[in-house]
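Convention: sequence-line order gives letters A, B, ...; per-chain numbering from 1.
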There are 2 protein chains.
Amino acid sequence: MMNISEVETRTGLPAKTIRYYEDIGLVTPARRTNGYRDFSDKDAHKLAFLARARALGFSIEDCRNLLALWEDQTRASSDVREIAKHHLVEIEAKIQGLMAMRDTLSDLVHQCAGDSRPDCPILKGLEGSQ
Amino acid sequence: MMNISEVETRTGLPAKTIRYYEDIGLVTPARRTNGYRDFSDKDAHKLAFLARARALGFSIEDCRNLLALWEDQTRASSDVREIAKHHLVEIEAKIQGLMAMRDTLSDLVHQCAGDSRPDCPILKGLEGSQ
DNA sequence: ATAGGGGTTCCAGTCACAGGAAGGTCAAGA
DNA sequence: TCTTGACCTTCCTGTGACTGGAACCCCTAT
C-alpha cells in the first residue's frame with residue numbers, strides 16, 4: 001500500500017492523471033482515515049498497464065475495454081486483437097494523412113527562397129493559385 | 001457579397017467553423033441591416049486560404065500569422081518559410097511517434113492468435129511482462 | 001396565414017488532461 | 001511547542017478547434 005507519489009514514480013504517470021483516472025472510474029484506490037489515497041500493488045499494476053496502453057495511443061475508452069479484458073480470465077484473445085487491429089488502422093490512416101501533409105509542405109518549403117523578398121511559393125500554394 | 005452558405009460551398013468550411021473564425025478574429029465580414037453576415041470575395045478568399053492552411057495541419061495561431069504575412073506586401077519570404085519549416089519538423093516528429101506505435105502494436109497483433117482462448121500477447125505486452 | 005429554409009446568438013460538450021487556488025496532514029528539526 | 005516544508009486533498013478553470021443543439025429572427029412562396 002502506497003501513496004500517490006510512489007505510484008507516480010512507479011508508473012511515470014503524473015498524480016493529476018492518476019486522480020483523473022480514478023475520477024472516470026479506471027481505478028478505485030482505497031482511502032486512509034486521513035483521506036489520502038492508498039494504492040495496492042494491483043492498483044499500481046493497473047495504472048502501469050494504462051500508461052503503456054495510452055503510450056500506444058489507445059483512447060481512454062479503448063483502455064477501459066482493454067483493462068476489462070485484462071481482468072477477465074475468460075476473455076477471448078480475439079476481442080483484444082480486434083481492438084488493437086482497429087486502432088492500428090487508425091494509426092495507419094493518421095500516418096498517411098501526416099505524410100501527405102509533409103510531402104506537400106516539404107515541396108512548398110523547398111520552392112521558397114526564404115530571403116528578404118516578399119515573393120513566396122508557400123503563400124501561393126495556400127492561396128490555391130497552384 | 002454573399003451569405004454564409006455560399007461561403008460554405010466555396011471554401012468547404014462548415015458555417016460553424018466560419019462563425020468561429022470570425023469569433024477569434026481571423027475574418028471580419030460585413031453585416032447586412034438584418035444582421036446577416038455579408039462576405040466579400042476577399043473574405044471568401046481568406047477563408048479558402050485558412051481552409052488550406054488548416055488542411056496542412058497549421059495551428060490556428062500559425063494560420064493567423066500566415067494570414068498576416070499573406071496580407072503584408074512587404075513581408076520577407078523567410079518569415080513564411082520559418083513557420084512552415086517549424087511545422088514540418090513537428091509533423092515529422094508526429095509521424096515518427098506514430099510509426100513507433102504502429103511497429104510495436106503491429107508486432108503484438110501479429111503475435112496474437114486472436115481466437116477464443118484467453119492467452120494474449122497483446123495484453124502481456126501492455127502488462128509490461130515483455 | 002403558414003410552411004420551409006435560410007440566418008442569428010449563446011451555451012454546453014468534446015478529449016485527456018494541466019494549472020492553480022485554498023486548505024488539511026504529517027514528520028522532522030529548533 | 002512551534003514551525004517549516006513536503007505531501008496530500010478537492011474544486012474550478014483552461015486547453016484546441018471546433019460541433020451540437022436550443023431558441024429565436026428573417027424572407028420568400030404558396
Side-chain angles (χ1 to χ4, degrees), chain A residues 1-39 43-44 46-47 49-67 87 90-91 94 97-98 101, chain B residues 1-39 43-44 46-47 49-67 83 86-87 90-91 94 97-98 101:
Chain A
M1 301 299 270
M2 58 199 116
N3 61 19
I4 201 164
S5 64
E6 172 87 28
V7 183
E8 263 191 305
T9 54
R10 283 207 197 183
T11 64
L13 292 172
K16 280 272 182 190
T17 300
I18 297 170
R19 293 194 194 100
Y20 173 66
Y21 287 171
E22 181 184 8
D23 253 26
I24 62 175
L26 289 178
V27 280
T28 43
R31 296 286 180 144
R32 301 211 191 111
T33 48
N34 61 10
Y36 285 22
R37 288 172 183 80
D38 202 5
F39 297 85
D43 291 327
K46 265 195 190 184
L47 286 163
F49 180 97
L50 289 168
R52 289 204 189 79
R54 290 289 299 136
L56 285 180
F58 284 104
S59 72
I60 290 287
E61 277 321 293
D62 277 349
C63 287
R64 195 187 297 280
N65 294 325
L66 289 171
L67 204 51
H87 181 46
E90 287 179 343
I91 289 178
K94 269 194 190 173
L98 285 171
M101 283 183 195
Chain B
M1 300 300 270
M2 57 200 115
N3 61 20
I4 201 164
S5 63
E6 171 87 28
V7 183
E8 263 190 306
T9 55
R10 282 208 198 183
T11 63
L13 291 172
K16 280 273 184 189
T17 300
I18 297 169
R19 293 196 193 97
Y20 173 66
Y21 287 173
E22 182 185 7
D23 252 27
I24 62 174
L26 289 178
V27 281
T28 42
R31 295 286 180 144
R32 301 213 191 109
T33 48
N34 63 9
Y36 285 20
R37 287 172 184 81
D38 202 3
F39 297 84
D43 291 325
K46 264 195 191 184
L47 286 163
F49 180 97
L50 288 168
R52 289 204 189 78
R54 291 288 301 135
L56 285 179
F58 285 104
S59 71
I60 290 287
E61 277 320 293
D62 276 349
C63 287
R64 196 188 296 280
N65 294 325
L66 288 170
L67 203 52
I83 294 175
H86 184 249
H87 181 45
E90 287 179 342
I91 289 178
K94 270 193 189 172
L98 285 171
M101 282 183 195

When we call it a touch if two heavy atoms are under 4.0 Å apart, what does [X] touch: a base, just sugar-phosphate, or nothing?
{"X": "A:Phe58", "result": "nothing"}
{"X": "B:Arg19", "result": "base"}
{"X": "B:Arg32", "result": "nothing"}
{"X": "B:Ile4", "result": "sugar-phosphate"}

Could you state the [atom1]-[atom2] distance from [X] to [N], rounded to the nearest angstrom?
{"X": "A:Ile60", "N": "C:dA18", "atom1": "CD1", "atom2": "P", "value": "11 Å"}
{"X": "B:Leu26", "N": "D:dA17", "atom1": "CG", "atom2": "P", "value": "10 Å"}
{"X": "B:Tyr21", "N": "D:dA17", "atom1": "OH", "atom2": "C1'", "value": "7 Å"}
{"X": "B:Ile24", "N": "D:dC18", "atom1": "CD1", "atom2": "P", "value": "8 Å"}
{"X": "A:Met2", "N": "D:dC7", "atom1": "CE", "atom2": "C1'", "value": "17 Å"}
{"X": "A:Ile18", "N": "D:dT10", "atom1": "CD1", "atom2": "P", "value": "13 Å"}
{"X": "B:Arg64", "N": "D:dC18", "atom1": "CZ", "atom2": "C1'", "value": "15 Å"}
{"X": "B:Glu22", "N": "C:dG7", "atom1": "CD", "atom2": "P", "value": "14 Å"}

When you match B:Glu8 and B:Lys16 each to their closest nucleotide on DNA chain C, which lands nearer the 5' end?
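Whichever sits nearer the 5' end wins; that is B:Glu8.
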Show your working on side-chain contact (heavy atoms from CB on, under 4.5 Å) between B:Lys46 and B:Leu26 and close with a plain yes or no.
CA-CA 9 Å; B:Lys46 264 195 191 184; B:Leu26 289 178; over 6 Å; no
Any side-chain N or O of [X] under 4.0 Å from OP1/OP2 of [N]?
{"X": "A:Ser5", "N": "D:dA6", "result": "no"}
{"X": "B:Arg37", "N": "D:dC26", "result": "no"}
{"X": "B:Arg54", "N": "D:dG16", "result": "no"}
{"X": "A:Ser59", "N": "C:dC15", "result": "no"}
{"X": "B:Asn34", "N": "D:dC27", "result": "yes"}

Candidate pair B:Asp38 and B:Asn3, rule side-chain contact (heavy atoms from CB on, under 4.5 Å), full reasoning
CA-CA 5 Å; B:Asp38 202 3; B:Asn3 61 20; over 6 Å; no
With the threshold set at 4.0 Å, does a side-chain nitrogen-carboxylate oxygen contact exist between A:Glu6 and A:Arg10?
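Salt bridge present between A:Glu6 and A:Arg10.
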With the threshold set at 4.0 Å, does a side-chain nitrogen-carboxylate oxygen contact exist between B:Arg19 and B:Glu22?
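Salt bridge absent between B:Arg19 and B:Glu22.
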State which of C:dA16, C:dT8, D:dC18 makes the closest approach to the side chain of B:Tyr20.
D:dC18
Can you find a donor-acceptor pair, distance only, under 3.5 Å between A:Tyr36 side chain and C:dG24 base?
yes
Could you check whether any side-chain N or O of A:Thr11 sits under 3.5 Å from a backbone N or O of A:Val7, counting only pairs where one atom can act as donor and the other as acceptor?
yes
